[in-house]
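The structure appears right after this line, and notes come after that.
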2 protein chains.
Amino acid sequence: MASRPKATILDIAREAGVSKSTVSLVLQGSGLIRPETALKVRKAIEDVGYVYNRGAANLRKAHSNVIGMVINDLTNPFFAEMAVGMERVFQSAGIVPFIANTAENPVRQEEVLKSLMEQGVAGLIVSPARGTTSGAFRRIETAGLPIVFTMRRLPESRIPVIAPDNHRGAWLATAHLVGKGHRRLAFFGGSSDLVVYHERLGGFREACEALGIPKRDTLVVEGETSRKGGIACLETALAMADPPTAALCFNDAVAFGVMLALRKRGLEPGADFAVVGFDDVIEAQHYMPALTSVAVDSAGLGERAAHVMLKMIQSRTTRAEDHIGAVNLVVRDSCGPDRREGMGDAA
Amino acid sequence: MASRPKATILDIAREAGVSKSTVSLVLQGSGLIRPETALKVRKAIEDVGYVYNRGAANLRKAHSNVIGMVINDLTNPFFAEMAVGMERVFQSAGIVPFIANTAENPVRQEEVLKSLMEQGVAGLIVSPARGTTSGAFRRIETAGLPIVFTMRRLPESRIPVIAPDNHRGAWLATAHLVGKGHRRLAFFGGSSDLVVYHERLGGFREACEALGIPKRDTLVVEGETSRKGGIACLETALAMADPPTAALCFNDAVAFGVMLALRKRGLEPGADFAVVGFDDVIEAQHYMPALTSVAVDSAGLGERAAHVMLKMIQSRTTRAEDHIGAVNLVVRDSCGPDRREGMGDAA
DNA sequence: TTGATTTATTGGAACGTTCCATTTATACGC
DNA sequence: GCGTATAAATGGAACGTTCCAATAAATCAA
């Protein structure tokens, strides 16, 4: 039990019969030390059960090897994938990423950011919680700490952003629906406090306009970005006088909800009502029918964000270019009426 | 950009015209300071853009406020839920949990653990990666650092474990299948290098024996714990001479795979072949048909683990009781009665 | 007034590293 | 033998906090 006073390099030095400086050198893998001395020291390290105190070291070095990843919702596989993409990159760069979850709570986010800064991280990658104000990052900016946003952008902030091309994704999806012959379209889910929402909705609107769908034949229903939200959106839409025949959903979760609600009403998703999702999470391909969705490559964006961060740290700057990731529409079986267009991977 | 030499309490002291000790006291919210002095100091803190250096503080205090959560697979919603449950508890205790993902890689796990220790965490909650040897935790134990395992247990380790009652869960599920009239049962997925596997398989076996299913009428197919693994298991099983009519799956992912594979063969999950999952992830209720599964309350187990950890830290011990969480079978639509005729049209 | 008591504030020594400037030991050329 | 270069190891001052012991200022009892 009695956690003994932990060993320091001085204990190692005594054990090995050298000076603390020598131990320090060995710890850093310096070539200045005679191999046999290094060996002796390493043995002593093992013997005394030494664990390196990075806090003490950083006091002198002022250059830590940890970066913080602040994620708005870890239980969403979409963001989890992104986080894992980042991890891959950091790991091979010898950097340890610590992940913190904010659960879409700006207050929690503030705490987490504070904590990470106090811990002396070398940089921060943040997927901001809903409702974040740009003031939340003022301290970080004035501290000159490298920071990048992923997936979400804040209204008027100069912090670099790595995000998918939401506008184009929505455009493609809308065009697909129009191409299938649909003339009354809906946009389901999401709420206007998110910039992403405006980007996607903007793509939808512009596509409609460009393809000759009059605005009065489009319907926009805000709602939770979850299955439940999707169910609600569909109910609302079908209760209207001249209901839409197809919907672009803010994300896949909403799309799943819409499909469930359709089934519940005895309607067949795809055949009776076309549905397109956004994000293309893994489950999309496993649904019945398989969901047509806009793929954004979250893991790839995560990797990209990590690379940008590494470069910022390396070049000691807090500035970087935005990066808008390519998207592509993955056509499956959820947009009738033409079944022939479905991909072969239907199961 | 030139990140200015960061402010320290000395800068604050100068700014506010007090001593560094006074600043330190204010920082710790000591009541010994005259309110107006405290106010002056707080203003200075704001002015110089100070950020607390926890590393330096820990050098003296030797009692950090961060604990590490090491998770084997963050992209699995099951584990993500658990992590979030822990977070909730720690947050309200003023402790900051840092999450690290090991991606089921013992080498990565070792690195992550090392890093966390160097960072000076107050404790560790670990969901061990597959293939972890108990030697990986020797250093942590000798350091006297509180540690608990969640979900998975290591063969011969004295580290406390918080896990669901796998044995009983499997028992319940098996009994349910037998109750539906099935007489040839399979256990799908998982591999024997996981203790959990033996626990669940053990429950299955004992239930079969207790309920009069002879061992020769049971089939065990190891496999990846993923959809792909489930697909493979089903293929293997149906290729046998006298195939089973029902399966208990190692986890829900495997079950989903089994259901997909059934569909691909023109068989209806539930009606033609009964499937039970394990873990009861959120998607289980949204599948078609909805999956009958053993619910383990991952978030609840996470919370429990966090509480145990808090108590260990508080009482300065590295010992704690195991905690086996209750499970219950959630019956949905994936287990019809045995109607073997349906199997005939397979292939 | 004086000394004792309470209330606020402070200097200085740690904590465990790194790294610069030295020292010591070893080898070399002549 | 000398001086010089090279290699290996070292002492000590920092880094930014905390906290103890000490001081200074204010209050009080007599």
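Hydrogens, waters and symmetry mates are skipped; everything else that's a heavy atom, side chains included, is used. Numbers restart at 1 for each chain; the letters A, B, ... are given by sequence-line order, proteins then strands.
A distance-only check finds a donor-acceptor pair linking the side chain of B/T102 to the backbone of B/I71 [under 3.5 Å]. Remark: side-chain polar atoms of A/Q109 are paired, donor with acceptor, to backbone N or O of A/A129 under 3.5 angstrom. Panel note: side chain B/S298, backbone B/E81; no donor-acceptor pair is recorded below 3.5 Å. A donor-acceptor pair under 3.5 Å links the side-chain atoms of A/D322 to the main chain of A/V161, judged by distance alone.
Considering every non-hydrogen atom in both A/S127 and A/M151, the closest pair reads OG-CB, 4.3 Å. Scanning all heavy atoms of the two residues, the minimum distance from B/S92 to B/V89 falls at OG-O, 3.0 Å. The two atoms that bring B/A57 and B/Y52 nearest to each other are CB-OH, 3.1 Å, heavy atoms only.
Contacts between residues 28-38 of chain B and DNA chain C, defined by a heavy-atom separation below 4.0 Å, involve B/L32, B/I33, B/R34, B/T37, listed by number. Near DNA chain C, defined here as any heavy-atom distance below 4.0 Å, there are no residues from residues 39-46 of chain B. Interface residues of residues 18-27 of chain A facing DNA chain D, ordered by number: A/V18, A/S19, A/K20, A/S21, A/T22, A/L25; criterion, heavy-atom separation under 4.0 Å.
Contact check on A/R139 versus A/E118 returns no salt bridge, with no Lys/Arg side-chain nitrogen under 4.0 Å from an Asp/Glu carboxylate oxygen. A salt bridge does not link B/R158 with B/E141: none of the charged nitrogens is closer than 4.0 Å to a carboxylate oxygen. Using a cut-off of 4.0 Å between Lys/Arg side-chain N and Asp/Glu carboxylate O, B/E111 and B/K114 are scored as not salt-bridged.
A/Y50 is listed as a side-chain neighbour of A/I9, based on a closest heavy-atom distance under 4.5 Å.
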_Run the salt bridge (Lys or Arg N to Asp or Glu O under 4.0 Å) test on A/E46 and A/K43 for me, step by step, so that the C-alpha distance in whole Å, both residues' side-chain angles and the decisive distance to 0.1 Å come before the verdict._
CA-CA 5 Å; A/E46 206 55 49; A/K43 176 166 181 338; over 6 Å; no

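Taking the screw axis at each terminus of the helix from C/dT1-D/dA30 to C/dC30-D/dG1 from five consecutive base pairs, the angle between the two is 50° to within rounding of 10 degrees.
A 4.0 Å heavy-atom criterion places the boundary nucleotides of DNA chain D facing chain A at D/dA8 to D/dG16, written 5' to 3'.
Under 3.5 Å, the side chains of B/S21 and B/S24 contain no donor-acceptor pair of N or O atoms.
With sequence neighbours left out, the ring pair (Phe, Tyr, Trp, His ring centres under 6.0 Å) criterion links B/F149 to B/F137.
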